[in-house]
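Before any comments, here is the structure.
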Amino acid sequence: MRVFFAASLHPDASVHISHSYQAILSKLDDDGIDPVTATIIRLAIDGLYYAQMLNVAPVEKEMRQEVIRRLLAMTKKEG
């Protein structure tokens, strides 16, 4: 919620957040994980974050931990 308020009060804040996020996405693209898998992981993390931040059907702690554990397992290269 603070991000939304900050962006509305300080238009430059949303630009800064966008640039920071793009830097993270660039690192994801360069890490060797299949791009589709990396995108699935990113969108799942975004969903967890926004559900918690906006209190829209937030995931309970134990489930969130298990989801994160599985997402982390998806980052491991097979073979």
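- Not a single donor-acceptor pair under 3.5 Å links the side chain of Thr37 to the backbone N or O of Ile33.
- Among all heavy-atom pairs drawn from Ala51 and Ala57, the shortest one is CB-O, 4.1 Å.
- Residue Ile41 is grouped with residue Val36 when hydrophobic side chains (ILVMFWY) are merged at heavy-atom distances under 4.5 angstrom, including chains of intermediate members.
- Within 6.0 Å of CZ in Arg70 there are 12 or fewer heavy atoms belonging to other residues, nucleotides or ligands.
- Leu72 and Ile40 fall within a single hydrophobic cluster, where Ile, Leu, Val, Met, Phe, Trp and Tyr are joined by side-chain heavy atoms under 4.5 Å apart, directly or via other members.
- Once rounded to the nearest 0.5 Å, the distance linking CG of Leu71 with CD of Glu66 reads 10.0 Å.
- From Ile68, atom CD1 reaches atom CD of Gln65 across 7.5 Å, with rounding to the nearest 0.5 Å.
- Rounding to the nearest 0.5 angstrom, the gap separating the OH atom in Tyr50 from the CG atom in Asn55 is 16.0 Å.
- Separating the CE atom in Met63 from the CG atom in Leu48 is a distance of 10.5 Å, to the nearest 0.5 Å.
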